[in-house]
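What follows is a single structure, written as structure tokens, with notes after it.
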There are 2 protein chains.
Amino acid sequence: MSLPAPAHSAAAANAAEHTGNVFDEACSSRLALELIASKWTLLILPALQDGPMRNNALLRRTGGISQKVLSQTLRELERNGLVIREVRGTKPLHVEYRLSALGVSLSDALVTLDRWAETHGGALDAARERYDASAQSRR
Amino acid sequence: MSLPAPAHSAAAANAAEHTGNVFDEACSSRLALELIASKWTLLILPALQDGPMRNNALLRRTGGISQKVLSQTLRELERNGLVIREVRGTKPLHVEYRLSALGVSLSDALVTLDRWAETHGGALDAARERYDASAQSRR
DNA sequence: CGGGATCCTTAGCGATACTG
DNA sequence: CAGTATCGCTAAGGATCCCG
């Protein structure tokens with residue numbers, strides 16, 4: 001019954017309010033999970049690993065995202081302390097986004113996922129094709 | 001491999017789709033990423049690490065999910081070759097879900113994310129509180 | 001017990017236009 | 001340049017009923 005995540009180190013003892021387990025809805029870890037369970041978060045945070053980036057750069061780098069959603073995502077990431085927004089020039093408005101320490105630690109984990117997707121994307125394609133083919137014949 | 005996503009198909013896949021699926025970006029890794037960028041995937045796959053589970057067990061374990069969405073998610077995971085669905089008894093219908101080899105490899109990465117969420121969930125809470133407070137005073 | 005079918009509500013996103 | 005505001009659509013999800 002135990003999740004491979006033994007998060008009961010010191011948190012469970014004192015907090016007492018929630019279990020701290022991601023499987024419980026309405027606890028902080030769950031909120032965190034839902035925040036990072038976004039395709040855009042999975043792209044934006046790792047993109048910032050190489051250094052600060054500006055709005056337009058992120059917009060170009062992150063294929064498929066719209067300006068609106070980029071803004072929303074960045075604001076949410078900033079709100080949760082993962083990204084730091086810095087205004088560096090007011091003349092032709094220069095804004096930079098960079099990872100916080102917290103953001104860096106998360107980004108490391110996300111990079112692993114990105115790599116997994118790049119490595120196994122083809123395998124998923126193949127599996128889908130197989131599944132759909134056999135589902136077709138079954139119908 | 002440079003991490004932050006190759007910026008190749010920006011112009012190419014521009015005027016392609018309008019079917020409803022937001023990114024028809026034909027990149028398999030992107031498809032893979034979108035599949036796993038779901039809070040339910042992030043919970044279900046690690047839940048299966050301990051061994052096969054039945055529908056009801058997953059339903060109970062994964063707080064907040066509905067039967068409908070659970071079915072959808074499991075079918076999609078099966079379709080992509082991450083989860084194997086096995087009917088073990090037809091009398092009172094006994095169905096088990098278990099990880100494929102591919103699913104195991106992904107689950108490892110997901111567990112890392114779950115642990116991150118459990119570890120840093122409180123920090124995100126705090127950051128949010130700070131952000132909202134200062135946003136309040138700025139208004 | 002597992003899960004498909006239907007209906008209906010909502011949240012998310014794209015497109016467009018505007019501002020500091 | 002870096003956003004915000006508004007509108008209209010659609011697709012995700014909850015609720016319910018039913019079937020093998």
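Chain naming here is simple, since letters A, B, ... match the order of the sequence lines and numbering starts at 1 in each.
- Between its two ends, the helix from dC1(C)-dG20(D) to dG20(C)-dC1(D) turns its axis by 60°, counting five pairs per end and rounding to 10 degrees.
- A heavy atom closer than 4.0 Å to some atom of DNA chain C occurs in P92(B), L93(B), V95(B), Y97(B), these being the qualifying members of residues 89-98 of chain B.
- With sequence neighbours excluded, no residue forms a side chain to side chain donor-acceptor pair (under 3.5 Å) with N56(B).
- Counting to the nearest Å, the P atom of dA2(D) and the CD atom of E78(A) are 15 Å from each other.
- Not one side-chain nitrogen or oxygen of R85(B) sits closer than 4.0 Å to the OP1 or OP2 atom of dG2(C).
- For the pair L59(A) CG and dG14(C) C1', the interatomic distance rounds to 13 Å; values are reported in whole Å.
- At the phosphate of dG2(C), OP1 or OP2 sits under 4.0 Å from a side-chain N or O atom of R54(B).
- Within the 4.0 Å cut-off from OP1 or OP2 of dG4(C), at least one side-chain nitrogen or oxygen of R75(B) is found.
- For the pair E34(A) CD and dA12(D) P, the computed distance is 17 Å after rounding to whole Å.
- Taking atom CZ on R60(B) and atom C1' on dC1(C), their separation rounds to 12 Å, with Å as the unit.
- Nearest nucleotide to the side chain of Q67(A), out of dG3(C), dG3(D), dG14(C): dG3(D).
- Listed candidates were dG4(C), dG13(D), dC13(C). Nearest to the side chain of S71(B) is dG4(C).
- In this structure, CG of L77(A) is placed 13 Å from P of dG3(D), rounded to the nearest angstrom.
- Among R88(A), E96(A), R60(A), the one residue that satisfies the side chain to side chain contact (heavy atoms under 4.5 Å, CB included) test with R54(A) is E96(A).
- Closest approach of S100(B) to G81(B), counting heavy atoms only: OG-O, 2.6 Å.
- Separating the CG atom of L35(A) from the P atom of dG12(C) is a distance of 13 Å, rounded to the nearest angstrom.
- Listed candidates were dG3(D), dG14(C), dG2(C). Nearest to the side chain of N56(B) is dG2(C).
- As a whole-Å value, the separation of L70(A) CG from dT4(D) C1' is 14 Å.
- Considering only heavy atoms from C-beta on, L93(B) comes within 4.5 Å of V87(B) through its side chain.
- T62(A) contributes no side-chain N or O that, together with a main-chain N or O of I44(A), makes up a donor-acceptor pair within less than 3.5 Å.
- For W40(B), there are no ring-ring contact (aromatic ring centres under 6.0 Å, His included) partners two or more places apart in sequence or in a different chain.
- Taking R130(B) as the reference, nothing meets the side chain to side chain donor-acceptor pair (under 3.5 Å) condition, with sequence neighbours excluded.
- Taking the nucleotide of DNA chain C with the nearest heavy atom to each of N55(B) and Q72(A), the more 5' of the two is matched to N55(B).
- As a whole-Å value, the separation of I65(B) CD1 from dG2(C) C1' is 14 Å.
- Taking only side-chain nitrogens and oxygens, S66(B) comes nearer than 4.0 Å to OP1 or OP2 of dG14(D).
- Proximity of L113(B) to L106(A): side-chain heavy atoms (C-beta onward) are separated by under 4.5 Å at one or more points.
- Of all the heavy atoms in Q49(A) and S107(A), the pair that sits closest is CG-OG, 3.0 Å.
- Residues passing the side chain to side chain donor-acceptor pair (under 3.5 Å) test with T112(A), sequence neighbours excluded: none.
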